[in-house]
There are 2 protein chains.
Amino acid sequence: MDDRDVLYRRVAADLREAVAGGVYGSDGRLPAESTLAEHYGVSRGTIRQALALLRAGGVVTSRRGTRRVVLGAAPAQSFAELLSFTTWARSIGEEPGGMLESLTVRPGEEEELTRLRLRAGAQVYAALRVRTLSGRPVMIERTCYPARVGEIVARLPADTVSYTERLLDHGIVFADAEHTIDLAFADADDARLLGCPEGAALLRERRRTTDPAGRPVEWSEDRYLPGTVAFTVHNSIATSTLSRLRSAAQQRGQ
Amino acid sequence: MDDRDVLYRRVAADLREAVAGGVYGSDGRLPAESTLAEHYGVSRGTIRQALALLRAGGVVTSRRGTRRVVLGAAPAQSFAELLSFTTWARSIGEEPGGMLESLTVRPGEEEELTRLRLRAGAQVYAALRVRTLSGRPVMIERTCYPARVGEIVARLPADTVSYTERLLDHGIVFADAEHTIDLAFADADDARLLGCPEGAALLRERRRTTDPAGRPVEWSEDRYLPGTVAFTVHNSIATSTLSRLRSAAQQRGQ
DNA sequence: TAGTGGTCTAGACCACTTG
DNA sequence: AAGTGGTCTAGACCACTAT
């Protein structure tokens, strides 16, 4: 619906579909920007905005002097599908579930306060949840919320499937996220809740999410059983949002 | 030098520096686009191009109706630092090393051919390398090259530190990459070369890189010892290049 | 040399946030 | 109501690729 009321997004969606439908062949050349502008009855600037979306997603190349070339089909995954375990699970045809193990209100630890940009001594709401796919536990979620958000979370039933959707109902919008992906080892809680040996390796994603105004809304550490998920990123010489860090070696378990 | 000859990149670099230097404070508001345009003596469009770079990197927010707000300092990591183990290692003050264990020319397997977009039966150059940080093995790199690139690789000494830089000398440019990050278990080769138990968990990054024309130049599977690296990605509701996949469960070892 | 995408300008109008 | 960023247009010139 957001794609409908803005011209360049409409064009982008149409082009994405054309590429996915093989209209230009795989590794085929796209029409020139001027041709597309004429075809869609818009200015070249609008076409370029549309194509910038495709380029960022790794759908097409762009290079001075030559037509754009198809790089691959679009993952076509929305921001929501990435942030919400529930939305993601449904998109792959699985039945998502969630069960709150504990929710405590306590003074935030140093890193939590930094990430949530709270003053020293501020209270945080810390939730521990088990996430399931078709009833099978696959992920442990440890999330810290600032009071403003935590107060809403605290009123949700323990078996609420999607916190994200409920928060959205209350006007909490997720706009930006910073993800760090590495490996961690199961602690006693992880082992008990996921049914794996203590010390087993898990794929870890830590994430800080902010709202449109730039205020942190959550700081989460998710731990997945091996073989359940993989993360993919596209980056290019033009837009690089991915980077490699020296590991902080601050793993919780082990 | 590329940043020098284009106006909006110069402006972006300057703004990035100003943000990092705390000129606007953390979570402070940036000047209006029109103000910046006047200050730099450029059009608003150019300012918007510069700010789009910062936004993509998670440095600032952007939202209709209000000034932009500082989200965080820029990782300031270049595309090269991400693709090249060597460049990355140097940037964190470590001494990179590499030793070729084997290089074989053989008919490509199905997935390799698909990734490199080669016809059935085509030959690939498959390299197995150990990468070290200050002499300590931290990563195993299994890379497939198409003949065009492999022929260059085959002529490099076994202890060549940076393949990327040598390939660049030969006009092979890396422009786009698709990364998949998950977890794998050490096979016999991994265990022997990294000095870890067989079956130990490793952080895996699979990557297909293409040149500016969209032709694949490498397909690589890298396996890192735990605690040596972490990957970070920024994404926003506006630009989402990250996605979550159901794991393909096609791990090599175990 | 012709055609392409990259950069830059100037101006217009609109949707939205904030006081 | 004023100010802000988002969208869109029209046109210009340039750097680069291909033939």
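Here the structure is a predicted model, which means the values were calculated and not measured. Quick note on labels: first sequence line is chain A, next is B, and so on, each numbered from 1.
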Q) Closer than 4.0 Å, any side-chain N/O of Arg68(B) to the OP1 or OP2 of dG6(D)? A) yes
Q | Whole-Å distance separating the CZ atom of Arg67(A) from the P atom of dG6(C) | A | 14 Å
Q: To the nearest Å, give me how far apart CG (Leu54(A)) and C1' (dG5(C)) are.
A: 15 Å
Q. Among dT7(C), dT4(D), dC8(D), which is the nearest nucleotide to the side chain of Val6(B)?
A. dT7(C)
**Q.** Euclidean distance, atom CG of residue Asp5(A) to atom P of dG6(D) [Å, nearest integer]
**A.** 15 Å
Q. Taking NZ, NE, NH1 and NH2 as the nitrogens, is one of them in Glu165(A) or Arg90(A) under 4.0 Å from a carboxylate oxygen of the other?
A. yes
Q: Whole angstrom is fine here: how far is it from CG in Asp211(B) over to P in dT17(D)?
A: 12 Å
Q. Should Arg106(B) and Glu112(B) count as an ion pair when the cut-off is N to O under 4.0 Å?
A. yes
(Q) Taking the side chain as everything from C-beta on, heavy atoms only, tell me whether Thr180(B) gets closer than 4.5 Å to Arg208(B). (A) no
Q) dG5(C) P sits how many Å from Arg55(A) CZ, rounded? A) 12 Å
Q. What integer distance in Å separates Leu51(A):CG from dT4(C):P?
A. 14 Å
Q: Give me the one residue out of Thr46(A), Asp14(A), Thr35(A) that meets side chain to side chain donor-acceptor pair (under 3.5 Å) with Tyr40(A).
A: Asp14(A)
Q | Base-contact (B) and sugar-phosphate-only (S) positions in nucleotides 10-19 of chain C, heavy-atom cut-off under 4.0 Å, - elsewhere | A | --B--BBBS-
Q) Counting only side-chain N and O atoms of Thr46(A), is one of them less than 4.0 Å from OP1 or OP2 of dT9(D)? A) yes
Q: Please list, chain by chain and in numerical order, all residues satisfying side-chain hydrogen bond (donor to acceptor under 3.5 Å, both in side chains) with Arg166(B), sequence neighbours excluded.
A: Asp169(B)
Q) Rounded to whole angstrom units, what separation is found between the CD atom of Glu38(A) and the C1' atom of dT9(D)? A) 16 Å
Q) Please give, in whole Å, the distance from dG6(C) C1' to Ile47(A) CD1? A) 16 Å
(Q) Can you see if the side chain of Arg48(B) gets near the phosphate of dG6(D) - specifically, an N or O under 4.0 Å from OP1 or OP2? (A) yes
Q | Electrostatic pair Glu109(A)-Arg142(A), nearest N-O below 4.0 angstrom | A | no
Q) Does a side-chain N-to-carboxylate-O contact under 4.0 Å join Arg206(A) and Asp182(A)? A) yes
Q.
A cation-pi test, strictly: NZ or CZ of Arg129(A) under 6.0 Å from the centre of the six-membered ring of Phe85(A) and no more than 45 degrees from its axis. Yes or no?
A. no
Q) Roughly how bent is the helix from dT1(C)-dA18(D) to dT18(C)-dA1(D) end to end, in steps of 10 degrees, with each end axis from five pairs? A) 20°
**Q.** Residue of the set Arg68(B), Arg64(B), Arg67(B) for which salt bridge (charged side-chain N to carboxylate O under 4.0 Å, His left out) holds with Glu33(B)
**A.** Arg68(B)
